[in-house]
Amino acid sequence: MNKIFNEFLKTNSLNYDPKKGFYGKLNGFQISGNMDAFTGSNVTVNIHLTEEAAEKVSQWIESNKKKYGILNPAYSTNSVFCMINPPLGLVKKYIAFLQDITAFLAEVATPDCCPFCGETLEGSEDVRLVGTYGRVFHAHEHCFDEYAEQLSQNETAMASAPNNTLRGVLGAVVGALAGAVLWVLLYFIGYIAVVAAALASMGAAFMWGKFGGKNNKTKIAVVWVVTILMILLAMLVAYCIDVQIVINEIIAGGDEAVTNNAFEGFLILLRGNPEFRTEVIIDTLVSLVFIVVANVFTTINVLKTQKLESSTLVKY
């Protein structure tokens, strides 16, 4: 662990466990999270928020996103979660965020309370160290049990909801289209970059949900199929445009082209020009490698979102 952050934990009497991450109280508010210099850091303030307080916290975070490198903030009635850009030496910025957000919360919320009910934990015999989704915090045990029951009911209802597969597939196609267009543009610049595959993969996964597709295993399969097909289609379009440009130049020069059809010309070159065929094969293999890398990354992230919160609930 970073020496500066380790000293910060010790100074503020925060607990650290390799499996749980760090947790404890800062400025009277319960925080938990992980600091990773490579994949990024996260922190959750485990706190009970009223609607008014939640709105003020949201405004504060939005206005400080650039200052602290905040990504993907998420709010609930019992927590505030933020991803922080990978520190890579900027540990002090991460520590400053922890200090500043808890200092701000003192203006809008009550410290040392149960995140679920908002009542004080001090003096209660019903206090338990609990965890969910990587969070570790103290709460009233009966509140935690009620939360677990409600969560189970919600997950059951979600499981019985319609899949909306066709709408999801349409969304995935729309999302992957951006990556396909980028692939074509980069091809004519002279590059084949992983960014196009990544954009296609992430776009497909994102738009699947936006179009109403259910977050299930079918989503992962569709993302793989759609991104592969869309990138391959983008490659074909790029080659056909290239061939059509050559055909037009031949005709403009007064010569007779073998064909006026770009796709037919592409097939003729593929069969009769070894150099062109080798180029297409190499481009295809490189693009497929990029697609696989992008889709593996997307799949890992999707699987994380599919993990039922009820399976992460724990009492220590």
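Since this is a predicted model, take the numbers as computed values, not measurements. Quick note: numbers below take in every heavy atom, side chains included, and nothing from hydrogens, waters or symmetry partners. In what follows, residues are counted from 1 in the order of the sequence shown.
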Atom [atom1] of [X]: over 12 foreign heavy atoms under 6.0 Å:
X: Lys210; atom1: NZ; result: no
X: Tyr191; atom1: OH; result: no
X: Leu303; atom1: CG; result: yes
X: Phe188; atom1: CZ; result: yes

Legend entry - Chi angles and distances behind the salt bridge (charged side-chain N to carboxylate O under 4.0 Å, His left out) call for Arg128, Asp145: CA-CA 11 Å; Arg128 185 75 179 263; Asp145 291 339; over 6 Å; no
Honestly curious: do [X] and [Y] fall in one hydrophobic cluster under the side-chain, below-4.5 Å linking rule?
X: Val223; Y: Ile231; value: no
X: Ile220; Y: Ile300; value: yes
X: Met202; Y: Trp208; value: no
X: Val45; Y: Leu14; value: yes
X: Val194; Y: Ile282; value: yes

Exercise: do [X] and [Y] side chains pair donor with acceptor under 3.5 Å:
X: Thr218; Y: Asn163; value: no
X: Glu55; Y: Gln59; value: yes
X: Asp283; Y: Tyr187; value: no

Inset, instruction - Evaluate the ring planes of Phe276 and Tyr239, with Trp represented by its six-membered ring, and classify them as parallel (under 30°), tilted (30 to 60°) or perpendicular (over 60°). - result: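 Answer is perpendicular, since the angle exceeds 60°.
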Quick one: are [X] and [Y] in side-chain contact, heavy atoms under 4.5 Å?
X: Trp224; Y: Val292; result: yes
X: Val136; Y: Asn15; result: no
X: Leu129; Y: Phe137; result: no
X: Phe266; Y: Ile241; result: no
X: Ser32; Y: Lys20; result: no
X: Ile268; Y: Val243; result: no
X: Leu236; Y: Leu232; result: no

Closest approach of [X] and [Y], non-hydrogen atoms and distance?
X: Ser76; Y: Ser79; value: OG-OG, 2.8 Å
X: Val57; Y: Tyr75; value: CG1-CE2, 4.3 Å
X: Phe22; Y: Asn34; value: CE2-N, 3.7 Å
X: Ser201; Y: Thr298; value: OG-OG1, 2.7 Å
X: Val108; Y: Ala53; value: O-CB, 3.5 Å
X: Pro115; Y: Ala139; value: CD-CB, 4.1 Å

Between [atom1] on residue [X] and [atom2] on residue [Y], distance to nearest 0.5 Å:
X: Lys93; Y: Lys67; atom1: NZ; atom2: NZ; result: 11.5 Å
X: Ile4; Y: Lys92; atom1: CD1; atom2: NZ; result: 5.5 Å
X: Glu146; Y: His140; atom1: CD; atom2: NE2; result: 11.0 Å
X: Asn6; Y: Tyr16; atom1: CG; atom2: OH; result: 9.0 Å
X: Asn12; Y: Lys25; atom1: CG; atom2: NZ; result: 12.5 Å
X: Asp100; Y: Leu105; atom1: CG; atom2: CG; result: 11.0 Å

Closer than 3.5 angstrom, by distance alone: can the side chain of [X] be matched with the main-chain N or O of [Y] as a donor-acceptor pair?
X: His48; Y: Phe116; answer: yes
X: His138; Y: Gly24; answer: no
X: Glu122; Y: Asp112; answer: no
X: Asp242; Y: Ile245; answer: no
X: Ser124; Y: Leu121; answer: no
X: Gln306; Y: Asn216; answer: yes
X: Asn164; Y: Arg167; answer: no
X: Thr156; Y: Ser152; answer: yes
X: Thr259; Y: Asn261; answer: yes
X: Asn27; Y: Phe29; answer: no

Inset, instruction - Could you tell me if the ring centre of Phe5 sits under 6.0 Å from that of Phe8? - result: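 Here the rings of Phe8 and Phe5 have centres that are less than 6.0 Å from each other.
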Inset, instruction - Please lay out, stage by stage, how Tyr68 and Cys82 fare under the test side chain to side chain contact (heavy atoms under 4.5 Å, CB included). - result: CA-CA 10 Å; Tyr68 301 107; Cys82 292; over 6 Å; no
Inset, instruction - Might you work through the side chain to side chain contact (heavy atoms under 4.5 Å, CB included) test for Asn215 and Val302, ending with a clear yes or no? - result: CA-CA 8 Å; Asn215 190 17; Val302 170; 3.8 Å; yes
Inset, instruction - Before accepting this row, confirm whether a basic side-chain N of the pair Lys56/Glu52 lies closer than 4.0 Å to the acidic partner's carboxylate O. - result: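 Salt bridge flag = yes for Glu52 with Lys56.
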Inset, instruction - Decide yes or no on side chain to side chain contact (heavy atoms under 4.5 Å, CB included) for Ser287 and Trp183, but give the supporting numbers first. - result: CA-CA 9 Å; Ser287 296; Trp183 195 99; 3.2 Å; yes
Legend entry - Full working for side-chain hydrogen bond (donor to acceptor under 3.5 Å, both in side chains) between Tyr147 and Asn78: CA-CA 10 Å; Tyr147 176 76; Asn78 59 70; 4.5 Å; no
Inset, instruction - Given side chain to side chain contact (heavy atoms under 4.5 Å, CB included), test Ile70 with Ile84 step by step and report yes or no. - result: CA-CA 5 Å; Ile70 300 171; Ile84 308 294; 4.1 Å; yes
